[in-house]
Amino acid sequence: MSIHEGHRQRLKNRFLKEGLDNFDELQVLELLLFYCIPRQDTNPIAHALLDRFGSLPQVLEAEPSELQKVPGVGENAAGFLALTTAVCRYYQVRRVSTSEILQTIDKCGEYLLPFFFGRRNETVFLLCLDAKCKVLGCKEVGEGSVNSASVPIRRIVEMALGANASSVVLAHNHPSGLAMPSEEDKLTTQRLAMSLASVEIELVDHLVIADNDYVSLRQSGWYNPEDYKLIP
């Protein structure tokens, strides 16, 4: 057994015995690379990845094409690292019960956060609720560049009608890390609220998500559903 193989086995055994709590970022990245780069010292590759991207989260959220620019990182390794983040998001989303009752904005926010875990591009989701605030579904509406995502009003209305929703919550992320709603976000909220009200569906709120936090346009005073309710 070579010194590299001995190091691999020791690190694997340590993980199986202790978990990752006492690992640093370099060791975690080394451990991941063991499973996609066989029979090679992954320590220099892990160092190079951290030097280029700055942190383990930034490595795992990087585009596979960018990862492959680091010497020693091939297509398989880049795909494996990208898969790690995707699996984490999939796991978090699937842990959430679709039968959950979301009667507050905070509960809606907690429900929606996992859908945006590790996303590099701005993405829009629509959360559909029935008259008792039970979740009917949460679907991706669209994805844009790092800085913008188009919000197709007609498609959102059609999705809400198709789900037989009584109310909906719109959510999108700001990959920049700043959850402050833009003027365009506020205008989109108003347009969508009017369109949904015309088919008797309430837009409960529009959440802007960044990292593991969000800003509610309703709680922040930028949106009030009462302003868009149709007068009988």
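Computed over heavy atoms, backbone and side chain alike; hydrogens, waters and symmetry mates excluded.
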Step by step, would you call Val215 with Met180 a side chain to side chain contact (heavy atoms under 4.5 Å, CB included)? CA-CA 7 Å; Val215 169; Met180 185 62 64; 5.8 Å; no
List the steps, then state whether side chain to side chain contact (heavy atoms under 4.5 Å, CB included) holds for Leu33 with Val73. CA-CA 9 Å; Leu33 292 173; Val73 179; 5.6 Å; no
[X] [atom1] to [Y] [atom2] distance, which is reported to the nearest 0.5 Å:
| X | Y | atom1 | atom2 | value |
| --- | --- | --- | --- | --- |
| Asn43 | Leu11 | CG | CG | 10.0 Å |
| Ile201 | Ser167 | CD1 | OG | 9.0 Å |
| Met194 | Leu196 | CE | CG | 11.0 Å |
| Lys132 | Ile101 | NZ | CD1 | 8.5 Å |
| Tyr228 | Leu192 | OH | CG | 10.5 Å |
| Thr84 | Tyr35 | OG1 | OH | 11.5 Å |

Within the distance-only criterion (no hydrogens, no angle test), does the side chain of [X] pair as donor or acceptor with the backbone N or O of [Y] below 3.5 angstrom?
| X | Y | answer |
| --- | --- | --- |
| Thr42 | Gln40 | no |
| Asn76 | Ile37 | no |
| Thr85 | Leu60 | yes |
| Arg89 | Phe116 | no |
| Asp24 | Leu26 | yes |
| Ser220 | Trp222 | no |
| Arg8 | Phe34 | yes |

Test of understanding: clusters of I, L, V, M, F, W, Y form through side-chain heavy atoms closer than 4.5 Å, transitively. Do [X] and [Y] belong to the same one?
| X | Y | answer |
| --- | --- | --- |
| Leu29 | Leu16 | yes |
| Ile209 | Val135 | yes |
| Phe125 | Tyr90 | no |
| Leu161 | Val124 | yes |
| Ile153 | Leu203 | yes |

Heavy-atom distance under 4.5 Å between the side chains of [X] and [Y], does that happen here?
| X | Y | result |
| --- | --- | --- |
| Phe15 | Gln27 | no |
| Leu31 | Leu20 | yes |
| Tyr111 | Leu127 | yes |
| Gln219 | Asp106 | yes |
| Lys134 | Glu100 | no |
| Pro225 | Val204 | no |
| Thr123 | Glu143 | yes |
| Phe23 | Arg14 | yes |

Kindly determine whether Glu61 and Phe53 satisfy side chain to side chain contact (heavy atoms under 4.5 Å, CB included), including the steps that lead there. CA-CA 10 Å; Glu61 292 170 11; Phe53 295 101; over 6 Å; no
What are the two closest non-hydrogen atoms of [X] and [Y], and how far apart are they?
| X | Y | answer |
| --- | --- | --- |
| Pro64 | Ala78 | O-CB, 3.6 Å |
| Ala165 | Cys128 | CB-CB, 3.9 Å |
| Arg119 | Pro175 | O-CB, 4.5 Å |
| Ser55 | Glu25 | CA-OE1, 3.7 Å |
| Leu50 | Leu56 | CD2-N, 3.6 Å |
| Met159 | Glu140 | CE-O, 4.1 Å |

For a quick check under 3.5 Å, do Asp41 and His7 share a side-chain donor-acceptor pair by atom type? no
Using side chain to side chain contact (heavy atoms under 4.5 Å, CB included), reason through Leu136 and Leu129 one step at a time and then give a plain yes or no. CA-CA 5 Å; Leu136 296 172; Leu129 306 170; 5.8 Å; no
Over 12 non-hydrogen atoms of neighbours within 6.0 angstrom of [atom1] in [X]:
| X | atom1 | value |
| --- | --- | --- |
| Asn164 | CG | no |
| Glu75 | CD | no |
| Asn212 | CG | no |

Pick from Val208, Leu170, Ile105: which one makes a side chain to side chain contact (heavy atoms under 4.5 Å, CB included) with Leu217? Val208
Check Gln190, His206, Lys186, Arg218 against Tyr223 for a side chain to side chain contact (heavy atoms under 4.5 Å, CB included) and give me the one that passes. Arg218
Is Glu158 salt-bridged to Arg155, cutoff N-O under 4.0 Å? no
So that I can tick it off, tell me whether Lys107 and Glu110 are bridged by a salt bridge, with the cut-off set at under 4.0 angstrom between side-chain N and carboxylate O. no
Test log, rule side chain to side chain donor-acceptor pair (under 3.5 Å), inputs Thr188 and Asp185: CA-CA 5 Å; Thr188 297; Asp185 293 336; 5.7 Å; no
